[in-house]
Participant: 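Have a look at the structure that comes next, please.
Below, chains carry the letters A, B, ... as their sequence lines are ordered, and counting in each starts from 1. Keep in mind it's a predicted model, so treat the numbers as computed, not measured.
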Amino acid sequence: MLFSQKVLRWYAMNKRALPWRATKDPYKIWLSEIILQQTRVVQGTPYYLKFIAHFPTVADLANASEEEVLKLWQGLGYYSRARNLHATAKMVTGEYNGTFPNTYAELKKLKGIGDYTASAIASICYNAPHPVVDGNVYRVLARYFGITLPINGTQGSAYFKQLAHQVMDESRIRDYNQAIMEFGAIQCAPKSPNCPICPLNDGCMALQKDLVEGLPVKLKKSKPKTRYFNYVIPLAKDVEGFPYTVIEKRREKGIWKHLWQFPLIESDSEIDLGILKKKIPEQLHFIDATEIYLYNEKPLVHKLTHQHLHTKFWIAECEEVHGHTVRIGALEPYAMPVLLADFIKTFKI
DNA sequence: AAATCGGGGTA
DNA sequence: TACCCAGATTT
């Protein structure tokens, strides 16, 4: 039996009932695909349900503020997805008369829609013959056909793309694309796949050559860089006696763009109170503290894929503070990185 | 071509 | 720890 037919047969028996599987509405398919980029189904599903509940149509999403979109996205990571999601919703609503384009080429022009996502939407919504190539597909193809080219090199990327095109079932592309991804996620798992029970094991080159654990081959990535963050939390009391602080929006490029944070001093290494007191007038001139103390004895290490953030939280008690002031009890509506959302949860004055 | 962009789950 | 996740974009 053909590879594609084996995959489709496996899918018919094993597919999960996922919230976006019941529809061909391009808005919902698009939303699910953006959420699921580099994100596991179990992590993304609650966000998908939240977004559909808040924004039933693309026009609802377009009419929301970016603040609102980022807040709903909080905790999911890769926040450019949320900013691009909002921009594309506005584009579709404003320039496409509220209707998503129905071709791969037109879809790919939209922000946040690359090769994979354009193929996914075109095939799932319109049954257009574009094979998806995601992390699951790389793994399944590399193993079944015994391909040792690195999947993230230029050569390998092109090779897998043409191979995917070669082995797809064009007549059933809508199901086939979801089938091969589901097969990769459930059966042909990254680690310790249960090959003895796999219905594709008879034709699997990796299994024959004992290469299952070694495939796919991936070029090694760079090591994470260490950064030293000093968050200074100003603390003052307003006229009614409520404690308030100051936050700011991250405008520069880099992580967490357009998310909110406390005033930040980044240093080249870990610093103590003495150094901090010298830096505050230089970098955070709006803070005039009567007392400053360290909130966490050991730096909290927040690990991202490419950065390790050694973070100290300093409390700066002030008579008054200027800037974007917010009561401590009213920080919830602001979209913040998990690092800061976690801090706020534990923070007791 | 390589780096960057999060956070969480798994072995 | 190391690796991966329904990748896209920038450098």
Participant: Tell me what A:K108 touches on the nucleic acid: a base, only sugar-phosphate, or nothing, going by heavy atoms under 4.0 Å.
Facilitator: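 Answer is nothing: A:K108 stays at 4.0 Å or more from every strand.
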
Participant: Name the closest nucleotide to the A:P190 side chain, picking from C:dC4, C:dC3, B:dG7.
Facilitator: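 Shortest atom-to-atom distance from the side chain points to C:dC4.
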
Participant: Quick check, are the ring centers of A:F347 and A:F313 under 6.0 angstrom apart?
Facilitator: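 Ring-ring flag for A:F347/A:F313: false, centres at least 6.0 Å apart.
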
Participant: Side chains of residues 272-283 of chain A: which donor-acceptor pairs under 3.5 Å do they make with residues two or more places apart or in other chains?
Facilitator:
residue	atom	partner	partner atom	Å
A:D272	OD1	A:G274	N	3.1
A:D272	OD1	A:I275	N	3.0

Participant: Of the options C:dC4, B:dT4, B:dA2, whose atoms approach the side-chain atoms of A:S222 most closely?
Facilitator: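 That would be B:dT4.
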
Participant: Answer with base, sugar-phosphate or nothing: what part of the nucleic acid does A:I124 contact at a heavy-atom distance below 4.0 Å?
Facilitator: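 No contact at all - A:I124 keeps every heavy atom at 4.0 Å or more from the nucleic acid.
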
Participant: Can you pull out the residues from residues 110-122 of chain A that lie within a 4.0 Å heavy-atom distance of DNA chain C?
Facilitator: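 Those residues whose heavy atoms fall under 4.0 Å from DNA chain C, taken from residues 110-122 of chain A in numerical order, are A:K111, A:G112, A:I113, A:G114, A:D115, A:Y116, A:T117.
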
Participant: Base, sugar-phosphate or nothing for A:G184? Non-hydrogen atoms, less than 4.0 Å.
Facilitator: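 Contact class for A:G184: none.
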
Participant: Quick one: label A:K257 by what it contacts on the DNA or RNA (base, sugar-phosphate, nothing), any heavy atom closer than 4.0 Å.
Facilitator: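 Counting heavy atoms under 4.0 Å across all strands, no contact is made by A:K257.
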
Participant: Side chain of A:S192 only, please: which of B:dG6, B:dA11, B:dT4 is the nearest?
Facilitator: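 Closest nucleotide among those given: B:dA11.
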
Participant: Any salt bridge (Lys or Arg N to Asp or Glu O under 4.0 Å) involving residues 53-64 of chain A? Give me the pairs, sequence neighbours left out, ordered by first then second residue.
Facilitator: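 Of all non-adjacent pairs touching residues 53-64 of chain A, none passes salt bridge (Lys or Arg N to Asp or Glu O under 4.0 Å).
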
Participant: Mind checking what makes side chain to side chain donor-acceptor pair (under 3.5 Å) contact with A:D238, not counting sequence neighbours?
Facilitator: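 Listed in chain order: A:R327.
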
Participant: Among residues at least two apart in sequence or on other chains, which ones pass side chain to side chain donor-acceptor pair (under 3.5 Å) with A:K15?
Facilitator: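 Per chain and number, A:K15 pairs via side chain to side chain donor-acceptor pair (under 3.5 Å) with no residue.
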
Participant: Kindly state which residues belonging to residues 77-90 of chain A come within less than 4.0 angstrom of DNA chain B, counting heavy atoms of the residue only, listed by number.
Facilitator: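 Hits under 4.0 Å, by residue number: A:G77, A:Y78, A:Y79, A:R81.
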
Participant: Relative to the ring of A:W30, is the ring of A:F100 parallel (under 30°), tilted (30 to 60°) or perpendicular (over 60°)?
Facilitator: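 A:F100 vs A:W30 ring planes: tilted.
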
Participant: Tell me, please, which residues at least two apart from A:Y334 pass side chain to side chain donor-acceptor pair (under 3.5 Å).
Facilitator: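 If we apply the side chain to side chain donor-acceptor pair (under 3.5 Å) test to A:Y334, skipping adjacent residues, the hits are A:H324.
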
Participant: For A:F3, does the six-membered ring have the charged nitrogen or CZ of A:K6 within the cation-pi criterion, i.e. under 6.0 angstrom from the centroid and within 45° of the normal?
Facilitator: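 Output no; distance or angle outside limits.
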
Participant: Under 4.0 Å from any atom of DNA chain B, heavy atoms only: list the residues of residues 26-46 of chain A that qualify, in numerical order.
Facilitator: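 Within residues 26-46 of chain A, the residues near DNA chain B are A:Q38, A:T39, A:R40, A:Q43.
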
Participant: Over all heavy atoms of both residues, which pair between A:I186 and A:W10 is shortest? Give the atoms and the distance, please.
Facilitator: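 What the structure gives for the nearest pair is CB-CH2, 3.7 Å.
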
Participant: Please work out which residues in residues 134-146 of chain A have a non-hydrogen atom less than 4.0 Å from an atom of DNA chain C and list them by number.
Facilitator: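 DNA chain C contact set from residues 134-146 of chain A: A:D134, A:G135, A:N136, A:R139.
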
Participant: Tell me which residues in residues 258-265 of chain A put a heavy atom below 4.0 Å from DNA chain C, sorted by number, or none.
Facilitator: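 Nothing qualifies; none.
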
Participant: Look at all strands and tell whether A:W20 reaches a base, only sugar-phosphate, or nothing, counting heavy atoms closer than 4.0 Å.
Facilitator: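 Touches a base.
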
Participant: Identify which nucleotide among B:dG7, B:dA2, C:dC3 has an atom closest to any side-chain atom of A:L219, counting heavy atoms from C-beta outward.
Facilitator: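 Nearest nucleotide to the side chain: B:dA2.
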
Participant: Say we look at B:dA3 and C:dA6: how far apart would their P atoms be, to the nearest angstrom?
Facilitator: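 Result for the P pair: 25 Å, nearest Å.
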
Participant: Quick one: A:K109 NZ to C:dT9 P, roughly how many Å, whole number?
Facilitator: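 In whole Å, C:dT9 P and A:K109 NZ are 15 Å from each other.
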
Participant: Just to be sure I understand the geometry, which residues of residues 98-107 of chain A put a non-hydrogen atom under 4.0 Å away from DNA chain C?
Facilitator: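 Heavy-atom contacts with DNA chain C come from no residue of residues 98-107 of chain A; none.
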
Participant: Between atom CH2 in A:W256 and atom P in B:dT4, what is the gap in whole Å?
Facilitator: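 Nearest whole value for this atom pair: 16 Å.
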
Participant: Between the side chain of A:H86 and the main-chain N/O of A:E68, is any donor-acceptor distance below 3.5 Å?
Facilitator: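 Flag not set: sc A:H86 to bb A:E68 has no pair under 3.5 Å.
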
Participant: Side chain of A:L304: nearest nucleotide among B:dG6, B:dA11, B:dG8?
Facilitator: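 For the A:L304 side chain, the nearest candidate turns out to be B:dG6.
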
Participant: Could you list the residues that satisfy side chain to side chain donor-acceptor pair (under 3.5 Å) with A:R139, not counting sequence neighbours?
Facilitator: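 Checked A:R139 against side chain to side chain donor-acceptor pair (under 3.5 Å); matches are A:N136.
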
Participant: From the set C:dC4, B:dG7, C:dA2, return the single nucleotide nearest to any side-chain atom of A:K221.
Facilitator: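 Minimum distance to the A:K221 side chain belongs to C:dC4.
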
